[in-house]
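See structure below.
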Amino acid sequence: MRRSVLTGMVLLVLSILVFFFLNLLLGSVSIPAASVWDILFGGDGENQIWRNIVMKSRLPQAVTALVAGAGLSVAGLQMQTVFRNPLAGPSVLGVSSGASLGVAFVVLLSGRLGGVALSRLGYMGEIAMTVSAIIGAMAVMALIVYVAQKVRGNVTLLIIGVMIGYVATAIIGVLKFFSAEEDVRAYVVWGLGSFARVSGGQVATFAVIMAVLLPLSMLLVKTLNLLLLGDGYARNLGLDVSRARLAVISCAGILVAIVTAYCGPITFLGLAVPHLCRAIFRTSDHRVLMPASLLAGASLALLCNLIARLPGFEGALPVNSVTALIGAPVVAVVLFRRRKEETAE
Amino acid sequence: MSCIETIRVENLAIGYTGKNVYKRVATGISDTIRSGELTCLLGPNGAGKSTLLRTLSAFLPPLEGKISILGKPLEEYSEKQLARIIGVVLTERSSIQNMTVDELVGMGRSPYTGFWGRLSAEDRAQVDAAVEMVGIAPLRSRMVQTLSDGERQKVMIAKALAQETPIIFLDEPTAFLDYPSKVEILHLLYRLAHEEGKTVFLSTHDLELALQVADRIWLMAEGGELHTGTPEELTRDGSLERFINLPDSEKRVRIHFDLNK
């Protein structure tokens with residue numbers, strides 16, 4: 001591995017550590033750094049309220065942001081490569097729309113049919129939402145995988161994915177129309193996306209699932225590198241293109257489904273981080289881009305979460321606003337400077 | 001260099017089949033292609049040049065007939081095996097970005113590399129040799145998107161060389177190029193056939209150039225009729241003239257070539 005790549009990776013890891021700790025440190029209640037350190041590493045004597053704030057609120061949130069950011073960025077990179085489209089991202093295949101549809105069904109219909117508004121169910125309601133999101137996302141995934149085997153062109157598949165997204169949104173619109181106001185509100189809150197919603201026990205499950213899936217997705221690097229060359233060349237170099245496409249789409253789809261189920265639809269990170277990594281590391285080699293996207297995604301998500309929760313924004317800003325507000329200029333600047341360097345060469 | 005028969009085609013029919021489609025593009029194709037020779041496939045647009053190349057490189061199944069490569073039927077090869085026998089240079093202009101020439105040529109080693117696609121010392125040596133042979137050493141660290149069309153074509157040829165295949169198929173490698181680059185690419189391919197003993201089979205619209213460098217010519221007329229032979233043979237038996245006078249082919253191309261080449 002080139003030296004500059006190694007340096008870049010080390011810097012990314014360091015930024016994750018720093019942002020992670022800042023996520024634990026900063027918030028509406030100020031807790032001294034030393035106390036946060038003690039709470040994390042086994043000191044007993046600390047203030048019980050502080051302990052609760054750090055362990056039950058800030059730590060789960062930071063872990064969620066880290067894992068979700070990594071997952072979405074890796075999925076985004078895979079989508080962009082397999083569709084050879086720089087605008088592809090985790091949301092294009094309709095997978096997040098599928099998750100939204102699943103949640104919409106449960107949230108909006110439960111009040112109507114069961115007579116109990118889900119928003120009043122608390123913890124059970126939370127789990128029901130997660131499960132329904134996964135079911136919705138997986139259903140769309142299955143549909144996409146089925147279609148992927150039938151159609152040849154990547155663009156066709158991409159368009160079908162976008163269409164599925166529209167259909168899902170339309171159905172959600174109809175559901176909303178017939179739902180009780182408070183249920184609609186619960187759904188809208190879910191739709192804003194948040195790293196804060198996942199509570200303690202669920203965070204562990206989420207982190208463990210992703211800790212299994214992310215390393216597995218790394219196994220696709222050679223396949224992704226070959227797909228970069230186009231179907232013809234990839235095939236000539238011994239790749240079973242349709243199977244490879246299926247593997248990559250499934251992998252990315254599952255990552256998005258899981259993250260969306262826990263955090264709601266988080267936009268932007270999955271689209272932007274791969275571009276950021278290509279520009280920083282100046283390569284298309286997935287042996288570099290995959291780990292880089294994972295790390296940069298985690299780092300950026302932590303940073304966004306931090307900004308969303310800065311003192312002054314009581315109750316935290318919607319994370320999607322922050323990802324785009326912070327991320328878009330960063331990506332634009334990086335790409336712009338990169339272009340300038342290229343013309344200067 | 002001794003020439004051995006590497007590709008044998010018998011009574012081949014090519015075209016497309018699908019659920020409601022059955023389109024024959026050409027039929028009754030029979031000939032052999034030999035190593036150490038440059039064979040050019042000529043024909044007007046729509047005659048089926050690309051279809052033939054796609055069929056020979058196993059991207060498309062033949063409708064009828066047999067193709068055998070190195071004495072074994074094409075369909076008995078796995079994709080992985082074929083990757084070590086046939087290298088292709090395609091017309092599709094890939095939109096590869098942010099990849100250096102070196103990395104792209106290195107991709108040609110994929111059939112030989114392990115799970116992560118890491119290049120061994122031997123792979124590196126093959127890449128070096130390929131880059132050297134094609135004469136793109138000064139471009140090695142350039143990004144692919146900054147190259148000219150001719151340079152990019154050379155890189156793709158180097159990729160095919162790094163693949164270490166006895167057979168190289170090229171689909172219109174001289175399209176998009178200016179005249180000097182066309183000459184350069186064809187001479188390079190001629191050298192690869194004659195000095196390296198590769199079987200080089202390419203389609204092209206550059207009749208004049210093809211007649212000058214090719215050892216054998218496959219003339220594909222619209223409707224799928226095929227005439228094969230050396231440039232001299234095709235000139236003597238009149239098929240070249242008939243081909244040129246075909247209504248829709250490249251008309252009135254004046255041919256100058258040395259019959260005693």
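Only this structure's heavy atoms are used, side chains among them; waters, hydrogens and symmetry mates stay out.
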Can you tell me which of [options] forms the most heavy-atom pairs within a distance under 4.5 Å of chain A?
{"options": "B/Phe59, B/Phe169, B/Trp116", "answer": "B/Phe59"}
{"options": "B/Arg84, B/Glu79, B/Gln81", "answer": "B/Glu79"}
{"options": "B/Val89, B/Leu82, B/Thr165", "answer": "B/Val89"}

Crowded around [X] [atom1]? As in, over 12 foreign heavy atoms under 6.0 Å?
{"X": "B/Lys72", "atom1": "NZ", "value": "yes"}
{"X": "B/Tyr16", "atom1": "OH", "value": "yes"}
{"X": "B/Tyr22", "atom1": "OH", "value": "yes"}

Worksheet item: Pick from A/Val221, A/Leu219, A/Asp285: which one has the most heavy-atom pairs with chain B under 4.5 Å?
Response: A/Leu219

Between [Y] and [X], is there a side-chain heavy-atom distance shorter than 4.5 Å?
{"X": "A/Leu229", "Y": "B/Ile96", "answer": "yes"}
{"X": "B/Glu103", "Y": "A/Thr283", "answer": "yes"}
{"X": "B/Met107", "Y": "A/Leu226", "answer": "yes"}

Worksheet item: So what's closer than 4.5 Å to chain B heavy atoms on A/Asp231: side chain, backbone, both or neither?
Response: backbone

Fill in: With sequence neighbours excluded, residues passing side-chain hydrogen bond (donor to acceptor under 3.5 Å, both in side chains) with A/Ser284
none

Fill in: Test item: A/Tyr233 side-chain N/O and B/Leu90 main-chain N/O as donor-acceptor pair under 3.5 Å
yes

Response to the item:
Nearest heavy-atom contact between A/Gly238 and B/Ala83 is N-CB, 3.6 Å

Practice prompt. Assess whether side chain to side chain contact (heavy atoms under 4.5 Å, CB included) is satisfied between B/Gln163 and A/Asn236, documenting all intermediate values.
Written response: CA-CA 10 Å; B/Gln163 215 177 327; A/Asn236 176 243; 3.2 Å; yes

Go through the atoms of [X] and report whether side chain, backbone, both or neither lie under 4.5 Å from a heavy atom of chain A.
{"X": "B/Thr113", "value": "both"}
{"X": "B/Ser57", "value": "neither"}
{"X": "B/Ala58", "value": "backbone"}

Worksheet, complete the sentence: To the nearest 0.5 Å, atom CZ of A/Arg282 lies from atom OG1 of B/Thr100 at 11.0 Å

Worksheet item: In Å, rounded to the nearest 0.5 Å, how long is the span from OG of B/Ser110 to CG of A/Leu239?
Response: 9.0 Å

Worksheet item: How about residues 247-255 of chain A versus chain B: which residues have heavy atoms under 4.5 Å apart?
Response: none

